Amino acid sequence: MTVGEPETPRAASSRAKDHSPWNWLLFVPIVVPLIPVLFNADSPRLFGFPRFYWLQLAWILLGVATTTLVYRMTRKRGDQ
């Protein structure tokens with residue numbers, strides 16, 4: 001395919017057929033930070049920071065770890 005040439009339906013559909021069950025894990029870092037009971041306290045404090053602030057950093061680490069796991073489990077074997 002050259003630059004400016006429209007994408008064929010076959011190429012577009014081959015990308016859209018990634019129905020791996022590993023992709024469902026990507027909902028974890030979206031849903032978990034939306035649970036308000038996790039933020040509903042001041043303690044425990046970590047290095048003097050209330051729970052809300054250090055949990056924000058934990059959600060970032062959770063998102064990175066989940067995305068990395070899903071990427072490694074769903075990539076094609078030829079893509080090294």
Side-chain angles (χ1 to χ4, degrees):
M1 185 160 89
T2 61
V3 176
E5 184 178 318
E7 189 174 28
T8 63
R10 174 184 263 177
S13 67
S14 68
R15 265 190 309 181
K17 289 186 179 180
D18 186 18
H19 297 296
S20 173
W22 288 100
N23 291 337
W24 287 102
L25 280 178
L26 294 174
F27 281 110
V28 171
I30 295 171
V31 173
V32 170
L34 296 175
I35 302 172
V37 72
L38 297 174
F39 299 105
N40 197 17
D42 185 46
S43 62
R45 290 180 169 258
L46 185 65
F47 302 114
F49 291 103
R51 179 190 301 187
F52 176 80
Y53 294 108
W54 60 262
L55 271 180
Q56 296 301 310
L57 295 173
W59 301 150
I60 293 170
L61 296 175
L62 176 69
V64 169
T66 305
T67 305
T68 302
L69 176 68
V70 170
Y71 170 74
R72 290 190 179 268
M73 298 308 286
T74 59
R75 69 180 173 179
K76 306 291 185 230
R77 293 293 176 210
D79 299 343
Q80 294 289 335

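Keep in mind that what you see is a predicted model, and the values were worked out from it rather than measured. These numbers come from the heavy atoms of this one structure, side chains and all, not from hydrogens, waters or symmetry mates. Along the sequence shown, the residues carry numbers beginning at 1.
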Name the atoms and distances for all side-chain donor-acceptor pairs under 3.5 Å in residues 21-31, with sequence neighbours left out.
unit_1 : atom_1 : unit_2 : atom_2 : d
N23    : ND2    : D18    : O      : 3.4

Per-pair distances, 0.1 Å, donor-acceptor, side chain in residues 54-61, under 3.5 Å, sequence neighbours excluded:
unit_1 : atom_1 : unit_2 : atom_2 : d
W54    : NE1    : P44    : O      : 3.0

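Heavy atoms of other residues, nucleotides or ligands lying less than 6.0 angstrom from CZ of F39 number more than 12.
Sorted by first and then second residue, the salt bridge (charged side-chain N to carboxylate O under 4.0 Å, His left out) pairs with a member in residues 43-63 read D42-R45; sequence neighbours excluded. Screening residues 21-40 for salt bridge (charged side-chain N to carboxylate O under 4.0 Å, His left out), with sequence neighbours left out, gives no hits. Annotation: salt bridge (charged side-chain N to carboxylate O under 4.0 Å, His left out) contacts involving residues 29-40, sequence neighbours excluded, are absent.
Both V37 and V32 sit in one connected hydrophobic cluster of ILVMFWY residues. Membership requires side-chain heavy atoms under 4.5 Å apart, directly or through other members.
Take T68 and apply the side chain to side chain contact (heavy atoms under 4.5 Å, CB included) test, not counting sequence neighbours, and it matches V64, R72.
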